[in-house]
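Note that the structure is predicted; figures quoted are calculated from it, not measured.
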Amino acid sequence: MAAATRTLPILDLGRFASAHPEREQALAELRDVSRMLGFFYLTGHGIPQRRIDDLTELARRFFSLPEEQKLEIEMRKSPHFRGYNRAGFEYTRGKQDWREQVDFGPERQRLEIGPGDPPWKRLFGPNQFPSALPHMRAAVLEWIEEVTAVGLKVLQAFSEALGQSPDVFAPIYANGPNQLLKIVRYPGRDQTQSNQGVGAHKDGGFVTILLQDVIGGLQVDDGEGGWIDAPPIRGTFVVNVGELLELASNGYLKANIHRVVTPPAGGDRLSIPFFLGANLAATIPVLDLPPALLAEVRGVTQDPLNPLFREVGRNVLKSRLRSHPDVAQEHHADLLGAEAT
């Protein structure tokens, strides 16, 4: 179905500052768009364009490496789901996505797993970085730190838009939020082949902060059977509500379905999404919303094919096992059929 003519709104992070004269109006706009669409463009985030351009150039350099140098850090070598995947090695709802990508998280030591420990502890561990790009490690870890700061400011704005204190979620992320950075390239394909870059899905964290390069392809469910195109706008991020905020608000906020359409043959698309979530040991509470908002809660959307849990680590591990069956089979075969469902 053709994309609708609607566009995503543009919100300025600076308007959420406590001293800004338009703060209350800005919070109302955030609340409204996140209840209906769950997606918007973000300006005023404070990350210089030079940093954005440097990261996208680094991503291009990585994807231009010979395949054997990228496969040096193949994700299948990491029980923590860190590293590189060739196109076709990730799945959404059981269908093959067409993108190559490399996944990074915070640098953490691998945990010793004892009897009775929760399986999600297997997700803790180091990243893999390509030897051909020795400066990539510092650049990636600095970006994760910068975009985490942006994500936490957005999360605080969401908290206040819901009538809560800005630090209402701090107890479930302060000891180490779950952070995932993907650097992704969508190779172009013939129209006679599948156009699934990434299949229709929701994101699982608090918020996603997406950097797009210059080629579009992201589409957001408009709720009326169509799709809203979200083309790149230089200097902005696309931000969307994740399932943790839908859970915490009992469905007042909307974690919306979205997808990526493969670019035509001969071209490609670059995107760098960052997913900010709660500590893996956390359980998501239900917020005590003000009466006016409480009257408008819709309840959490449940997909029988993809159950949603309030236990953060269980949700994240389930998602990784499903998305990367080669890594799951290589390192976590004992969990298949249990945590994966």
Side-chain angles (χ1 to χ4, degrees), residues 8-48 51 106 142-181 202-211 235-256 273-290 292-294 296-297 310 312:
L8 302 183
I10 300 175
L11 302 184
D12 182 350
L13 185 58
R15 294 174 68 217
F16 300 120
S18 58
H20 198 284
E22 297 179 357
R23 179 172 177 271
E24 291 304 318
Q25 179 184 345
L27 291 174
E29 292 171 4
L30 175 66
R31 184 168 56 244
D32 290 345
V33 70
S34 300
R35 174 171 167 74
M36 302 307 297
L37 283 180
F39 273 79
F40 55 91
Y41 292 101
L42 183 72
T43 63
H45 47 72
I47 297 182
R51 288 283 295 120
E142 287 171 9
W143 182 262
I144 289 175
E145 183 176 347
E146 288 181 289
V147 78
T148 294
V150 173
L152 290 178
K153 290 178 182 177
V154 172
L155 182 61
Q156 289 166 358
F158 272 120
S159 302
E160 294 186 272
L162 292 172
Q164 313 295 310
S165 67
D167 60 352
V168 68
F169 293 113
I172 60 174
Y173 70 71
N175 291 328
N178 186 48
Q179 300 150 295
L180 174 63
L181 177 69
K202 299 180 180 182
D203 291 343
F206 282 130
V207 293
T208 302
I209 312 289
L210 170 66
L211 169 62
T236 72
F237 297 123
V238 174
V239 176
N240 63 280
V241 174
E243 290 175 322
L244 297 190
L245 281 180
E246 182 172 326
L247 281 168
S249 65
N250 197 22
Y252 183 89
L253 298 181
K254 184 175 184 177
N256 201 3
F274 173 75
F275 306 90
L276 178 66
N279 188 289
L280 292 178
T283 299
I284 302 302
V286 179
L287 298 177
D288 185 13
L289 297 179
L293 303 186
L294 189 62
E296 296 181 336
V297 299
R310 292 190 176 272
V312 175

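The minimum heavy-atom distance linking V297 with L289 is given by the pair CG1-CD1, 3.7 Å. Q164 and D288 get closest at one heavy-atom pair: NE2-O, 3.2 Å. Nearest heavy atom pair, residue F16 against residue A26, reads CE2-O, 3.3 Å. For the residue pair G163 and P290, the shortest heavy atom distance occurs at CA-CG, 4.0 Å. Shown here for T236 and L211, the closest heavy-atom pair between the two residues is O-CD1, 4.5 Å. When every heavy atom of R31 is checked against every heavy atom of L293, the shortest pair comes out as CD-CD2, 3.8 Å.
Ring pair F237/W143 is perpendicular by interplanar angle, where above 60° counts as perpendicular and below 30° as parallel. Note: Y173 and F206 have perpendicular aromatic rings, judged against thresholds of 30 and 60 degrees for the angle between ring planes.
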Decide yes or no on side chain to side chain contact (heavy atoms under 4.5 Å, CB included) for L287 and F169, but give the supporting numbers first. CA-CA 10 Å; L287 298 177; F169 293 113; 3.8 Å; yes
Stepwise side chain to side chain contact (heavy atoms under 4.5 Å, CB included) test for T283 and R310: CA-CA 5 Å; T283 299; R310 292 190 176 272; 4.1 Å; yes
Chi angles and distances behind the side chain to side chain contact (heavy atoms under 4.5 Å, CB included) call for V312, I284: CA-CA 7 Å; V312 175; I284 302 302; 3.6 Å; yes
What do the steps show when you test V207 against L245 for side chain to side chain contact (heavy atoms under 4.5 Å, CB included), and what is the final call? CA-CA 8 Å; V207 293; L245 281 180; 4.0 Å; yes
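Without hydrogens or angle criteria, R51 side chain to E146 main chain gives no donor-acceptor distance under 3.5 Å. Not a single donor-acceptor pair under 3.5 Å links the side chain of D203 to the backbone N or O of G205. Within the 3.5 Å criterion, the main-chain N or O of G176 finds a donor-acceptor partner in the side chain of N279.
One distance of note links CG of N240 with CZ of F275; it measures 8.0 Å at 0.5 Å rounding. How far CD of E160 is from CD of E24: 8.0 Å, rounded to the nearest 0.5 Å. Rounded to the nearest 0.5 angstrom, L276 CG and L181 CG are separated by 12.0 Å. Summarising the geometry, atom CZ belonging to F39 is positioned 8.5 Å from atom CG belonging to L210; distances are rounded to the nearest 0.5 Å. With values rounded to the nearest 0.5 angstrom, T43 atom OG1 is found 9.0 Å from R15 atom CZ. Here the CG atom belonging to L162 is positioned 4.5 Å from the CG atom belonging to L253, to the nearest 0.5 angstrom.
Within a 6.0 Å radius of CD in E145, no more than 12 heavy atoms belonging to other residues, nucleotides or ligands are found.
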Can you list, pair by pair, the side-chain donor-acceptor contacts under 3.5 Å of residues 148-157, counting residues two or more places apart and other chains?
unit_1	atom_1	unit_2	atom_2	d
T148	OG1	I144	O	2.6
T148	OG1	Q179	NE2	2.9

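In this structure E246 satisfies the side-chain contact (heavy atoms from CB on, under 4.5 Å) test together with K202, A255, V300, T301, sequence neighbours excluded.
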